[in-house]
Amino acid sequence: MSLALHDLLVCCRGLENDKATERKKEAERFRRLLRTPEVVQELDRSSGAKSSKQLTWDAVFRFLQRYVQKETESMQSSKSVTATSLATRKKKMAEMCSLIKYFIRYANKRGPRLKCSELLKHVMEVLQSSYSCSAYGEDYSSLLVKDILSVRKYWCDITPQQWHNLLELYCGLFNSSSKSINRVLVSRVIHMVVQGCCVQTDGFNNTLFSFFAKALLNARQEKHLTVLEHLISALNIFLRSSAMNCRTRVCHLGEELLPSILYVWMDMRPSAALKEDIVNFFNLQICVHHPKGAKTQDTGAHAEDWTKWRSQLFSLYDALVREISHIGSRGKYVTGMRHIAVKDNLIELTADICHQLFTDYNDTHIMEVTQASVRATQMGSPTHGAASKRRRIEMGWEILRDHLQPQHSDFDVIPWMQITAVLISKYPSMVPCQELVPLLSALYQLLAEQRRGERGPYVLRCLKEVARCQTRYPERAQVHRAELGRLWGRVWALALRGVSSPQMETFSLELLASIVHGGLINIDREFWKLFSASACKVSQNAAMCLLQALLKCPVPKSLTLRSGWDYVGITEGSGSPNLKETLIAWLLMSDQSDEMEESSRPHPIICSTEV
């Protein structure tokens, strides 16, 4: 054994001395020795050897464990409760925990050197003792988070039984009345352990279903929102991993917890991160109750209590409408640049709920709910025992169109255009045939009257989805074919004009391509003018739009040119430029001058677009 390791071994044995003053001296010496490069190198070398009989990092850690045990027994046996003795005891506990943390971080500084099993065994022994948990619980929980569960290699070393033991221990700590460990820290450990259980094991469904049902049922009483942030995030991880094999139980748990979580979202002013977790929870519940948008049990939908679940959907719809309205109201008074659009996950959720609650016909549906049912309904809520105020919730295509009026501000109209686009894109079969004309008319008015602002791209996307819907179900348009044709003609003219706008070019081309693909109007000369010179620059969207036109109809031989871009018609005149050659030149971006011919290069779109 080297001299450096010999000195460390003597020091480690001194940590087990029966005299507290000697142990304190050796603890200080221990820190100094650890900072010696020679000691670290020797410990790394001996720990890396397969069969080393010398001192290793793990052997040193075992000495430290006995040191902790010795100090704990000494403090536990002390009968003195004076202020001075309590302060001394508290200082000693802090120093001891500091030494343990210092050692572990120094040992693993160059990669994990200590055995995970040894670390976990020591942590569990400390936390399972009521006295030591009260004394060091906070420090050891912090150690668990920062130095064990955050190390990826250790995740693979932790056995399923160890994951289970950690889970039961911290779930018990959370549910107990003990205040020895900060609840925020306990919830953070639970989040990490749940993640580990779901990734590294087959899960512990019974334990977690019971825990979340108890921990979140009275979420409104939680004083620290960070606790709810960790728990709801952990709940989402668990639900994703168990939804496939335990769908019925996931549905039941969701119906049980949704009122409490909805109350947190509406009334407790959650942070942006907590709101995100709550919306993810709602989205998970919609997916597991209504896979692929299923509405009935025959098509795959499931609920433990259909009446209860239906009521919760109405409450959730009402909450979403108010949240979107609040987002718009806040935006009106914000100075400077601000993104008006609502986040995609909130839009997807609202569209999915609209799909479930909108009827297949065009009538407005009115639902009366009590304020108490919209909020939390369990015992202990602020609304319990108070008079229930009834509110009317209106929904349906007519209500949706009311939100799509030109007089509304961008902050009010853009979120509903997002919802409309997603709703029609995901569920085109639910659009009633009698809704096509009024919906298209409302969107046309929005496009025609938009001058400044950000609404243009959102209107164009909505129109694109309406065009795709009509193309997919052409039989629905037969009754209103003439009126739809006139409206699409007007939309077509505005979309052609929009190609010249940098902000609207991409969306206008996508809309034109959808209209051409569906054969909703006859292609006119203005369309070909886009691709006969520099009116429209070459891009993937422009090339795909032209491709749709080439697949749908023959290319005229030429366009008669009078002056500049003033075309008067499509002719077969031999003196006019050949349109096919013009289109090819546009695609290849070729320059007609001889001196530029050699330097001309095809646009990258020619190489990337599959025709």
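What you see is a predicted model, and the numbers here were worked out from it, not measured in a lab.
Checked by atom type, the side-chain pair Ser409/Asp412 shows a donor-acceptor distance below 3.5 Å. No side-chain donor from either of Asp402 and Trp416 sits under 3.5 Å from a side-chain acceptor of the other. With hydrogens and angles left out, the side-chain atoms of His302 and Gln297 include no donor and acceptor closer than 3.5 Å.
Take Asn345 and apply the side chain to side chain contact (heavy atoms under 4.5 Å, CB included) test, not counting sequence neighbours, and it matches Glu276, Val279, Asn280, Asn283, Lys343. Shown here are the ring pair (Phe, Tyr, Trp, His ring centres under 6.0 Å) partners of Trp488, two or more places apart in sequence or in another chain: there are none. Listed by chain and residue number, Trp309 satisfy the ring pair (Phe, Tyr, Trp, His ring centres under 6.0 Å) test with His289 (two or more places apart in sequence, or in another chain).
Annotation for Val538 and Trp586: closest pair CG2-O, 3.1 Å, computed over non-hydrogen atoms. Closest of all the heavy-atom pairs between Tyr444 and Leu494 is CE1-CD1, 3.4 Å. The minimum heavy-atom distance linking Gln356 with Gly293 is given by the pair NE2-O, 3.3 Å. Minimum heavy-atom separation, Ile424 to Glu465: CG2-O, 3.5 Å. Minimum interatomic distance between Leu484 and Ala477 (heavy atoms only, all atoms of both residues): CD1-CB, 3.6 Å. The shortest heavy-atom contact between Cys545 and Phe531 is SG-CZ, 4.4 Å.
A cation-pi arrangement is absent between Arg461 and Tyr458, since the terminal nitrogen or guanidinium carbon is not both under 6.0 Å from the aromatic centre and inside a 45° cone about the axis.
Note that the NZ atom of Lys308 and the CG atom of Leu258 stand 9.5 Å from one another [nearest 0.5 Å]. We find the CG-CG distance between Asp524 and Leu496 to be 6.0 Å, quoted to the nearest 0.5 Å. We find the CD-NE2 distance between Glu229 and His224 to be 14.0 Å, quoted to the nearest 0.5 Å. Atom CG of Leu320 is separated from atom CG of Leu346 by 5.5 Å, given to the nearest 0.5 angstrom. Once rounded to the nearest 0.5 Å, the distance linking NE2 of His191 with OG of Ser233 reads 3.0 Å. Put simply, OG on Ser441 and CZ on Arg401 are 9.0 Å apart, with the number rounded to the nearest 0.5 Å.
For the pair Val466/Thr420, no side-chain contact is recorded, criterion being any heavy-atom separation below 4.5 Å from C-beta on. Counting only heavy atoms from C-beta outward, the side chains of Leu423 and Leu400 approach each other to under 4.5 Å. Side chains of Val499 and Leu512 form a contact here, defined as non-hydrogen atoms less than 4.5 Å apart. Here the side chains of Phe281 and Leu262 are not in contact, with every heavy-atom distance at 4.5 Å or above. At least one side-chain heavy atom of Ile324 sits less than 4.5 Å from a side-chain heavy atom of Ile419. Using a 4.5 Å heavy-atom threshold, the side chains of Thr226 and Leu274 count as separate.
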Full working for side-chain contact (heavy atoms from CB on, under 4.5 Å) between Gln285 and Leu239: CA-CA 9 Å; Gln285 287 303 314; Leu239 293 180; 3.7 Å; yes
Stepwise, does the side-chain contact (heavy atoms from CB on, under 4.5 Å) test hold for Leu463 with Leu440? CA-CA 7 Å; Leu463 286 164; Leu440 183 57; 3.5 Å; yes
Would you sort out whether Leu511 and Val491 count as a side-chain contact (heavy atoms from CB on, under 4.5 Å), showing the intermediate values? CA-CA 9 Å; Leu511 174 58; Val491 170; 3.8 Å; yes
Please walk me through it: do Arg220 and Asn218 pass side-chain contact (heavy atoms from CB on, under 4.5 Å)? CA-CA 5 Å; Arg220 72 187 63 79; Asn218 295 313; 3.8 Å; yes
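Checked for salt-bridge contact, Lys426 and Asp352 meet the test: a charged N lies under 4.0 Å from a carboxylate O. Between Glu510 and Lys464, at least one side-chain nitrogen of the basic residue sits less than 4.0 Å from a carboxylate oxygen of the acidic one, meeting the salt-bridge criterion. Note on Lys529 versus Glu526: salt bridge recorded, some NZ/NE/NH1/NH2 to OD/OE distance being below 4.0 Å.
Using a distance-only test at 3.5 Å, with no hydrogens or angles considered, no donor-acceptor pair links the side chain of Arg476 to the main chain of Gln434. Judged by distance alone, the side chain of Ser508 and the main-chain N or O of Met504 form a donor-acceptor pair under 3.5 Å. Although no hydrogens or angles enter the test, the distance criterion places a donor-acceptor pair under 3.5 Å between the side chain of Ser242 and the main chain of Phe238. With Glu304 contributing its side chain and Glu255 its backbone, the two residues share no donor-acceptor pair below 3.5 Å. Side-chain N or O atoms of Asp410 include one that pairs as donor or acceptor with a backbone N or O of Glu454 at under 3.5 Å. With hydrogens and angles disregarded, a donor-acceptor distance shorter than 3.5 Å links the side chain of Thr299 to the backbone of Thr296. Between the Ser325 side chain and the Val321 main chain, no donor and acceptor come within less than 3.5 Å of each other. Looking only at distances, a side-chain donor or acceptor of Ser187 sits under 3.5 Å from a matching main-chain atom of Val184.
At most 12 heavy atoms of other shown residues, nucleotides or ligands fall within 6.0 angstrom of atom NZ in Lys580. Atom CZ of Arg472 has 12 or fewer heavy atoms from other residues, nucleotides or ligands within 6.0 Å.
Taking the six-membered ring where the residue is Trp, Tyr427 and His355 present parallel rings, their angle staying beneath 30° rather than reaching 60°. Ring planes of Trp265 and Phe282: perpendicular class, angle over 60° (limits at 30 and 60°).
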